[in-house]
Amino acid sequence: MIRLVLAAGAAYVLGAKAGRGRYEQIRKSASAVAGSPATKKVIEVSRQKLSDSLNTQPKLEPMKQVDDDSQLYIPQDQLRKR
């Protein structure tokens, strides 16, 4: 999102210096890039990776069966350290 704002700002400044025609050309190019399926896919994948890395629920692995109704679990990151 920040990159999009920075790109829009850069397009505005460059367009203002080059004149209205160049500004329109840059604006159209920027909106074509922002609206392209490839860009949307990259953003979607990035958001999913960020969401996965920020997950507060630890992934648990079964550790020991206590009895028929009870099971002990250990977080995966602790399991790897052993």
Side-chain angles (χ1 to χ4, degrees):
M1 183 70 179
I2 293 174
R3 288 183 182 175
L4 182 61
V5 171
L6 291 174
Y12 177 78
V13 170
L14 292 174
K17 288 183 179 181
R20 183 71 177 176
R22 180 72 176 140
Y23 168 75
E24 288 298 326
Q25 182 184 19
I26 293 170
R27 186 187 62 78
K28 287 178 184 176
S29 298
S31 59
V33 168
S36 75
T39 304
K40 290 180 181 180
K41 183 66 176 174
V42 168
I43 291 171
E44 179 183 331
V45 169
S46 301
R47 285 181 179 169
Q48 186 61 47
K49 285 184 179 181
L50 180 62
S51 174
D52 291 345
S53 69
L54 297 176
N55 188 359
T56 58
Q57 296 291 332
K59 295 180 180 178
L60 301 176
E61 291 288 332
M63 183 177 157
K64 181 179 177 185
Q65 183 77 27
V66 177
D67 57 28
D68 291 339
D69 297 327
S70 301
Q71 174 82 35
L72 290 180
Y73 291 91
I74 187 168
Q76 283 182 348
D77 59 342
Q78 290 181 7
L79 188 63
R80 290 183 200 135
K81 290 179 183 177
R82 291 182 176 191

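Here, residue 1 is the first one in the sequence, and each next residue gets the next number.
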Chemist: I'd like to check the side chain to side chain contact (heavy atoms under 4.5 Å, CB included) partners of K49; sequence neighbours left out, ordered by chain and number.
Modeler: V45
Chemist: Rest of the hydrophobic cluster containing V42 (Ile/Leu/Val/Met/Phe/Trp/Tyr, side-chain heavy atoms under 4.5 Å)?
Modeler: none
Chemist: How would you list, by chain and number, every residue that makes a side chain to side chain contact (heavy atoms under 4.5 Å, CB included) with I43, sequence neighbours excluded?
Modeler: T39, R47
